[in-house]
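In what follows, a structure is listed as structure tokens, so that the remarks can point back to it.
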Amino acid sequence: MNATFEPRLHRAAPDELAGRVIAITGAGDGIGRAVAVTCAAHGAEVVLLGRTVGKLEKVYDEIVAAGGVAPIIAPLDLEKATAHEYDAIAAAIGTRYGRLDGLLHNASLLGDLSPIEHYDVPLFTRVLHVNVTAAFALTQVLLAQLRASPDASVVFTSSSVGRRGRAYWGAYAVSKFAIEGLSQVLADELAGTTAVRVNAINPGATRTAMRRAAYPAEDPARLAMPADITAAYVFLLGPASKGMTGQSVDAQAPR
Ligand code: NDP
């Protein structure tokens, strides 16, 4: 790979993800939805993980209407999921495909924007659970399927506030720092002995419900649409990033 290459500028071949099975959390809305549709458009079989089944069904319909391979819908509420539910998803993927080639941890909870001094302790715990503990648990339960792939890629979703702390971003920022750490630890553990690579991605400012909640006064017309930022995701989830692990990349040019 060229040292100056930017994943966000990757131009995927039409069938770049053909034959790959890719699971995506939070696939029913925002960035997760756009990445799911894009991966399917490039030939992947996608596993749509999310908590609102109606949204997942719409993504399913969109993929099938566009001629993509029919996805699996896998309802999973990351706040409430039991060990049994995690096991059932791993078993379903194992039975149907016998492997997993890509895993995108995209779902997350914003929590409150408030000073640490006043941050609600139960909310802090919920945000850390959904954004970090659930991603860890899902990765752990799917590792056997990832190891069964000849070229698997795990991608964690970071944020600019997961690289440099910013006032009032509270549990969300802490969770994104933790995600960068989880990504690096796992990448280091799997390097050399497996074909599983692990990287993080920062989507950058993108027009979604979460962004609206964080910046209610912002003009959304200034923001990228989810469908505009998928190139780096396809790069990381597909064969183009083979050999790259332990990195954290940007889906958009820094502003
Ligand atoms: P959205 O709010 O549009 O989507 C978030 C997704 O996460 C939804 O599909 C939501 O499900 C899902 N989700 C939330 N809680 C749970 C849960 N308990 N169990 C399962 N799924 C859950 O956000 P974005 O698309 O903007 O965010 C995607 C990722 O990108 C996040 O990790 C976010 O932190 C990150 N990010 C986004 C930026 C932006 O500007 N948009 C900037 C930097 C990072 P449901 O639809 O059912 O609510």
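Whatever order the structure lists them in is the order used to number ligands and atoms, beginning at 1.
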I'd like to check the salt bridge (charged side-chain N to carboxylate O under 4.0 Å, His left out) partners of E180; sequence neighbours left out, ordered by chain and number. R163
If you measure from the Lys or Arg side-chain nitrogens to the Asp or Glu carboxylate oxygens, is any gap between R33 and E62 under 4.0 Å? yes
Strictly below 4.0 Å, N to O, side chains only: are R20 and E45 in salt-bridge contact?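 So R20 does not pair with E45 through a salt bridge.
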Considering distance alone, does some N or O of [X] sit under 3.5 Å from an N or O of ligand 1?
X    : answer
T157 : no
L78  : yes
S159 : no
R211 : no

Contact partition for [X] relative to ligand 1, non-hydrogen atoms under 4.0 Å:
X    : value
K176 : side chain
S158 : backbone
R207 : neither
L110 : neither

Does R211 count as lying over the ring of Y215, i.e. NZ or CZ under 6.0 Å from the six-ring centre, within 45 degrees of the axis?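 Geometry flag: set, cation within 6.0 Å and 45°.
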Who are the ring-ring contact (aromatic ring centres under 6.0 Å, His included) partners of F124, not counting sequence neighbours?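 If we apply the ring-ring contact (aromatic ring centres under 6.0 Å, His included) test to F124, skipping adjacent residues, the hits are Y119.
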